[in-house]
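Atoms considered below: every heavy atom in the structure, side chains included; atoms not considered: hydrogens, waters and symmetry mates. Computed from a predicted structure; not experimentally measured.
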Amino acid sequence: MYKTLIYEKKDTIGILTINRPDKMNVISNELTSELRSLIGELEKDEKLRVLIITGAGEKAFVAGADIKELVDRDAKIGRRVSRERQEVFSRIENLAVPVIAAVNGYALGGGLELALACNIRICSEKAQFGAPEVKLGIIPGDGGTQRLPRLVGLGRAMEMILTGDFIDAQEAHRIGLVNNVYSPGELMDKAMELAQKIASRPPLAIRYAKEAVNRSQEGDAASGFSLESYLHALTCTTEDKKEGVAAFLEKRKGKFKGK
Ligand code: COA
């Protein structure tokens, strides 16, 4: 039993719901560790054919890392947390079965990064996507600087990461961040429909096709991830990070000094 996740199985299709709806499903250390355990179980489930990941409630898929836990994140913790989340998200990306993100609301920061680690993304008309880390004085640490440019191109990824601005579902569709946009009521049915279609194909062909397509994206990814993690850790040491996190929690505009 998990506190922050709900996992159910419909025949051969798994549905993982990130379940902290009162907190916009934000990623805490507890949630990361539960996600790691669940993915470990799924890696052993030979009957599983497709996994769908969504968020609980009406508002959010996942609105990022839990900013309360950022208060004490120094370089050492930043490096460790970033590596742990990169590792769990990479295991999702490389799970033997395809993973579909059904993005039902805000997918921000680590939530965007979770959606990017999934193999296919669809969303509801209410979804919004963004990488607001720079506004907190840090940079993405869960794979975003590596996966976003690969998916939407360097310029668009750069704009999202450097401005921290959100984009809506239609724009996400236009730039190829999501494959399709549906009404909120339709989203899970459409995710199931897609999952069932893939699940009806020969499992080994699906498994190896996924692996081959994933490999096509690899340059020297390990170095990119490692660099991202060190730079994320570095931003955790700045005064601007302290100010950015405090400003969010105190519901005021941050004043940054470049220190
Ligand atoms: N970490 C911790 N708490 C968060 C959070 C986060 N990433 N995102 C939202 N929350 C909390 C809010 O503090 C608020 O808590 P409260 O009710 O105790 O005050 C609650 O969730 C609802 O959020 P609120 O801001 O009131 O809702 P909204 O609809 O006005 O705005 C968001 C929603 C998601 C746009 C806004 O909350 C936001 O920008 N969140 C931060 C996103 C972010 O920077 N993520 C990356 C972190 S690295």
Side-chain angles (χ1 to χ4, degrees), residues 18 25-27 32 35 53-55 60-65 67 70 78 81-95 98-124 127-181 210 213-235 244:
I18 308 293
N25 303 320
V26 295
I27 305 175
T32 310
L35 199 51
I53 302 183
T54 193
F61 174 68
V62 171
I67 297 177
L70 278 178
V81 170
S82 163
R83 284 312 243 179
E84 280 170 4
R85 292 182 188 177
Q86 285 180 350
E87 188 249 343
V88 176
F89 287 7
S90 290
R91 278 168 68 189
I92 292 173
E93 181 173 50
N94 294 305
L95 206 61
V99 184
I100 299 170
V103 179
N104 53 309
Y106 288 111
L108 306 175
L112 172 65
E113 292 169 298
L114 174 60
L116 289 168
C118 296
N119 308 119
I120 297 174
R121 286 147 295 282
I122 59 174
C123 76
S124 96
Q128 293 206 49
F129 300 81
E133 287 89 343
V134 291
K135 293 186 186 167
L136 299 166
I138 56 172
I139 70 164
D142 305 348
T145 63
Q146 305 304 297
R147 291 195 178 96
L148 189 60
R150 286 180 188 151
L151 188 63
V152 302
L154 202 60
R156 292 188 201 288
M158 201 64 101
E159 186 173 338
M160 284 181 75
I161 290 171
L162 299 188
T163 63
D165 286 347
F166 300 169
I167 60 171
D168 65 16
Q170 290 308 333
E171 178 65 0
H173 186 223
R174 198 181 69 78
I175 68 174
L177 181 48
V178 297
N179 291 13
N180 268 307
V181 183
K210 166 174 165 168
V213 174
N214 268 353
R215 290 294 84 78
S216 76
Q217 296 305 295
E218 285 180 4
D220 179 13
S223 310
F225 279 108
S226 182
L227 177 69
E228 174 188 272
S229 193
Y230 277 119
L231 294 177
H232 171 85
L234 191 65
T235 57

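Taking 4.5 Å as the limit, some side-chain heavy atom of P132 sits within range of a side-chain heavy atom of F166. Between V213 and N119 there is no side-chain heavy-atom pair separated by less than 4.5 Å. Between L35 and I27, the closest side-chain pair of non-hydrogen atoms is not below 4.5 Å. Considering only heavy atoms from C-beta on, P140 comes within 4.5 Å of I161 through its side chain.
Between the T54 side chain and the A102 main chain, a donor and an acceptor come within less than 3.5 Å of each other. In terms of modelled atom types and a separation under 3.5 Å, the side chain of N179 and the main chain of I122 share no donor-acceptor contact. With N180 contributing its side chain and C123 its backbone, the two residues share no donor-acceptor pair below 3.5 Å.
When each of L112, I18, L114 is paired with F61, the side-chain contact (heavy atoms from CB on, under 4.5 Å) condition holds for L114 and for no other.
For the pair I175 and V152, the tightest heavy-atom approach, listed with the atom from each and the gap, is O-CG1, 3.7 Å. T32 and R85 get closest at one heavy-atom pair: OG1-NE, 3.1 Å. Shown here for Q170 and V181, the closest heavy-atom pair between the two residues is NE2-CG1, 4.0 Å. Here the closest non-hydrogen pair linking G141 and S82 is O-OG, 2.7 Å.
Contacts classified as salt bridge (Lys or Arg N to Asp or Glu O under 4.0 Å) and involving residues 134-161 (residues at least two apart or in different chains) are given here: E93-R147. Identified under the salt bridge (Lys or Arg N to Asp or Glu O under 4.0 Å) test for residues 168-179, with sequence neighbours left out: E171-R174.
In this structure, the separation between CG on L177 and CG on L116 is 6.0 Å, given to the nearest 0.5 Å. Here N25 contributes atom CG and N104 contributes atom CG; the two are 7.5 Å apart, rounded to the nearest 0.5 Å. Going from atom CD of E133 over to atom CD1 of I67 covers 9.5 Å, rounded to the nearest 0.5 Å. With rounding to the nearest 0.5 Å, the separation of NE2 in H173 from CZ in F129 is 11.0 Å. Going from atom CG of L70 over to atom CD1 of I138 covers 4.5 Å, rounded to the nearest 0.5 Å. Note that the OG1 atom of T145 and the CD atom of E113 stand 8.0 Å from one another [nearest 0.5 Å].
Side-chain N/O atoms of E228 and Q86 include a donor and acceptor closer than 3.5 Å.
Between R83 and E87 no salt bridge is recorded (no basic side-chain N to carboxylate O distance below 4.0 Å).
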*Test log, rule side-chain contact (heavy atoms from CB on, under 4.5 Å), inputs L227 and Q146*: CA-CA 10 Å; L227 177 69; Q146 305 304 297; over 6 Å; no
